[in-house]
Amino acid sequence: MSSVLRSCMLHHLQPLRIMGARMLTLERVGFAPIRSHELKDPVPPDLLTFKDPRAFQSKSWWELIRALGVFRLCSYPVLVNNCGKLMSFSRAVLGKRVFAMVLRPFVYAQFVAGETESEIAVSMEKMNSLGLHPMLAVPIEEDLGESSGEKRYDDNLAAMLECVRMSHSNAWSKDPMMQLKITALVSAELCVKLTSLLKKQHYDLDLLVRAMDREDITFPGLSETENTHFLLGLNRLNQIGEASVNKVRVLVDAEYTYMNPALSLVTMAMMKKFNRDSAWIWNTYQCYLKESRDLVLDAIRLSVDQSFCLGVKLVRGAYMDKEKKLAKKEGREDPINQSWEHTNNSYNGSLEVMLNLISQQPDRYKIIVATHNEESVRKAVTWMTELGIARDGGSVCFGQLLGMCDHVSLTLAQQGFSVYKSVPYGSVDDTLPYLVRRAQENRTVLQGIRKERDLLKQELRRRVREKITRSK
């Protein structure tokens with residue numbers, strides 16, 4: 001995928017290479033690496049162990065008990081691996097209405113903000129009281145074989161525009177964000193076709209920008225029907241950009257490697273159009289992929305060459321199992337890093353590059369450190385301090401999923417860092433596929449949340465002891 005983007009989007013640039021044992025060399029992009037020196041306003045080291053159960057003091061008794069119960073269930077691999085089948089069976093046996101009544105107070109309430117705007121508002125006000133910011137996410141996405149026609153994409157557009165409105169009109173955050181999946185507005189089949197074409201065709205960003213401006217462009221390699229759909233999809237994305245610029249930052253999600261080059265091409269075109277003065281459109285980089293650091297460096301070069309601001313959502317990734325199986329089935333090289341250590345090096349290396357850039361040009365570059373990994377969070381906090389990057393300056397923020405990793409989120413928020421929680425919303429039926437996919441994609445995280453469970457137990461015991469003491 002890295003070679004695809006270079007040949008199609010950066011053909012006139014000298015591409016960056018990873019030297020030696022694929023270690024990032026920051027000097028290659030014109031920035032010296034972070035060097036240790038006396039820290040300014042450091043966070044107390046004991047807080048960065050994320051072992052303080054007081055982070056949960058603001059949670060109600062029910063919230064503590066519910067989280068413990070849900071996390072306990074998620075610790076069983078057989079339940080997580082088969083959650084889709086189990087939920088489908090339960091819904092068939094109980095009926096749609098009873099199933100929703102059973103699921104709502106537990107798994108749904110743990111990971112979803114609500115269905116109506118008033119329900120969402122209650123969740124957001126609670127989050128705001130904890131110093132956390134919402135990053136609303138409409139749980140709509142498509143994979144191959146799920147395309148459903150222009151009417152469905154237009155309906156998805158309406159839902160996305162409503163998400164922009166809610167994010168902006170409610171005082172839930174001074175710098176609101178939302179998530180966007182391009183496959184909710186453009187068919188997965190077309191994205192795969194474009195990815196294939198990009199290996200031999202050059203699609204100039206200006207061409208896509210002109211198409212967004214409703215110019216009747218004919219894209220090489222596409223049939224008349226595909227071309228028409230692409231133009232309609234770009235128009236939908238343009239409406240999102242126009243509605244959100246100067247109001248809401250839109251973080252475009254990465255998806256599967258067989259369509260990511262097309263998604264990145266479209267996202268970069270949106271950046272070129274809407275990110276002139278600030279990063280309103282962001283792209284996501286999956287650091288479990290071998291090529292991720294190359295792609296981050298290429299994006300930096302492209303942003304300089306095309307004079308737009310760059311927003312980066314840095315994640316480890318969530319489609320590992322499917323990517324590995326697909327690569328094996330197709331007889332090609334596994335795109336996933338060979339070890340967890342390699343993924344960590346990739347993540348932390350890309351993080352270091354972005355923080356160096358931000359320390360020198362905070363208005364041009366922004367990043368959300370979207371991770372549940374405590375070590376990467378510690379590195380980010382330490383490097384921010386060394387580089388003099390403000391905790392709540394708007395250029396660096398942290399992100400975790402709603403209902404997970406609260407011991408990290410709450411600790412960071414209490415120390416004045418900007419922390420966002422990815423907040424899906426919608427009905428039980430609408431969010432069920434999302435919940436199943438997230439559970440399966442994040443099974444390693446879900447099965448490894450023993451520390452958070454222990455902290456929740458400690459907070460419960462503390463409250464029980466306090467209640468007994470007061471009653472004496």
Answer with yes or no whether the side chains of [Y] and [X] bring together a donor and an acceptor at under 3.5 Å.
X	Y	result
E115	S427	no
Q179	S422	yes
N348	E375	no
S376	T371	no

Task: Pair K151-D155, salt bridge (charged side-chain N to carboxylate O under 4.0 Å, His left out): steps then yes or no - done: CA-CA 6 Å; K151 173 65 166 59; D155 290 343; 2.9 Å; yes

Open item on the list: Does the structure place the NZ or CZ of R316 under 6.0 Å from the centre of the six-membered ring of Y288, at an angle of no more than 45° from the ring's axis?
Closed with: no

Closest approach of [X] to [Y] (non-hydrogen atoms, all atoms of both residues):
X	Y	result
P220	L197	O-CD1, 3.8 Å
M271	G311	CE-O, 3.7 Å
M270	L237	CE-O, 3.5 Å
C191	M259	CB-CB, 3.8 Å
F111	L402	CD2-O, 3.3 Å
G403	Q110	O-NE2, 2.9 Å

Is it true that a side-chain atom of [X] and a backbone atom of [Y] form a donor plus acceptor pair closer than 3.5 Å?
X	Y	value
Q400	C405	no
R391	V396	no
N283	T267	no
S395	P362	yes
N235	L231	no
S167	C163	yes
H372	V408	no
S350	Y347	no
T284	V252	yes
E242	Q239	no

Heavy atoms, side chains only, cut-off 4.5 Å: are [X] and [Y] in contact?
X	Y	answer
V312	K366	no
F230	L194	yes
I240	L185	yes
Y256	V192	no
I358	I389	yes
M404	K421	no
D52	T411	no
K272	L208	no

Task: Steps toward side chain to side chain contact (heavy atoms under 4.5 Å, CB included) verdict (E226, F219) - done: CA-CA 9 Å; E226 291 168 338; F219 291 96; over 6 Å; no

Open item on the list: Could you go through C397 and M177, starting from their C-alpha distance and side-chain angles, then the distance that decides it, and tell me whether this counts as side chain to side chain contact (heavy atoms under 4.5 Å, CB included)?
Closed with: CA-CA 11 Å; C397 57; M177 291 182 174; 3.6 Å; yes

Nearest-0.5 Å distance, [atom1] of residue [X] to [atom2] of residue [Y]:
X	Y	atom1	atom2	result
L251	W280	CG	CH2	12.0 Å
M127	L410	CE	CG	10.0 Å
N227	I217	CG	CD1	9.0 Å
Q306	D204	CD	CG	7.0 Å
M178	S173	CE	OG	14.0 Å
L289	N260	CG	CG	7.0 Å

- [ ] Just jot down the side chain to side chain contact (heavy atoms under 4.5 Å, CB included) partners of A158, sequence neighbours excluded, or say none.
- [x] none

Task: Any residue meeting side chain to side chain contact (heavy atoms under 4.5 Å, CB included) with S169, in chain and number order, not counting sequence neighbours - done: R165

TODO: Check step by step if salt bridge (charged side-chain N to carboxylate O under 4.0 Å, His left out) holds for E352 and K379.
DONE: CA-CA 9 Å; E352 186 177 4; K379 285 183 181 294; over 6 Å; no

[X], [atom1]: over 12 other non-hydrogen atoms inside 6.0 angstrom:
X	atom1	answer
E215	CD	yes
D213	CG	yes
E224	CD	no
R214	CZ	no
K51	NZ	no

Task: Criterion side chain to side chain contact (heavy atoms under 4.5 Å, CB included) on L132 and S409, from CA distance to verdict - done: CA-CA 8 Å; L132 303 173; S409 305; 4.1 Å; yes

TODO: Mind running salt bridge (charged side-chain N to carboxylate O under 4.0 Å, His left out) on D175 and R249 for me, showing each step along the way?
DONE: CA-CA 8 Å; D175 193 9; R249 302 192 189 277; 3.0 Å; yes

Open item on the list: Classify the ring geometry of H229 against Y153: parallel below 30°, tilted from 30° to 60°, perpendicular beyond 60°.
Closed with: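 Ring orientation, 0 to 90° scale: tilted.
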
Task: Residues K290, D334; criterion salt bridge (charged side-chain N to carboxylate O under 4.0 Å, His left out); working and verdict - done: CA-CA 9 Å; K290 295 174 182 176; D334 185 351; 5.8 Å; no

- [ ] Mind running side-chain hydrogen bond (donor to acceptor under 3.5 Å, both in side chains) on T183 and E255 for me, showing each step along the way?
- [x] CA-CA 9 Å; T183 53; E255 301 184 47; 2.8 Å; yes

TODO: Determine whether the aromatic ring centres of F398 and Y420 lie less than 6.0 Å apart.
DONE: no

Open item on the list: Quick one, Y285 with I367, criterion side chain to side chain contact (heavy atoms under 4.5 Å, CB included). Give me CA distance, side-chain angles, the key distance, then yes/no.
Closed with: CA-CA 11 Å; Y285 296 89; I367 188 173; over 6 Å; no

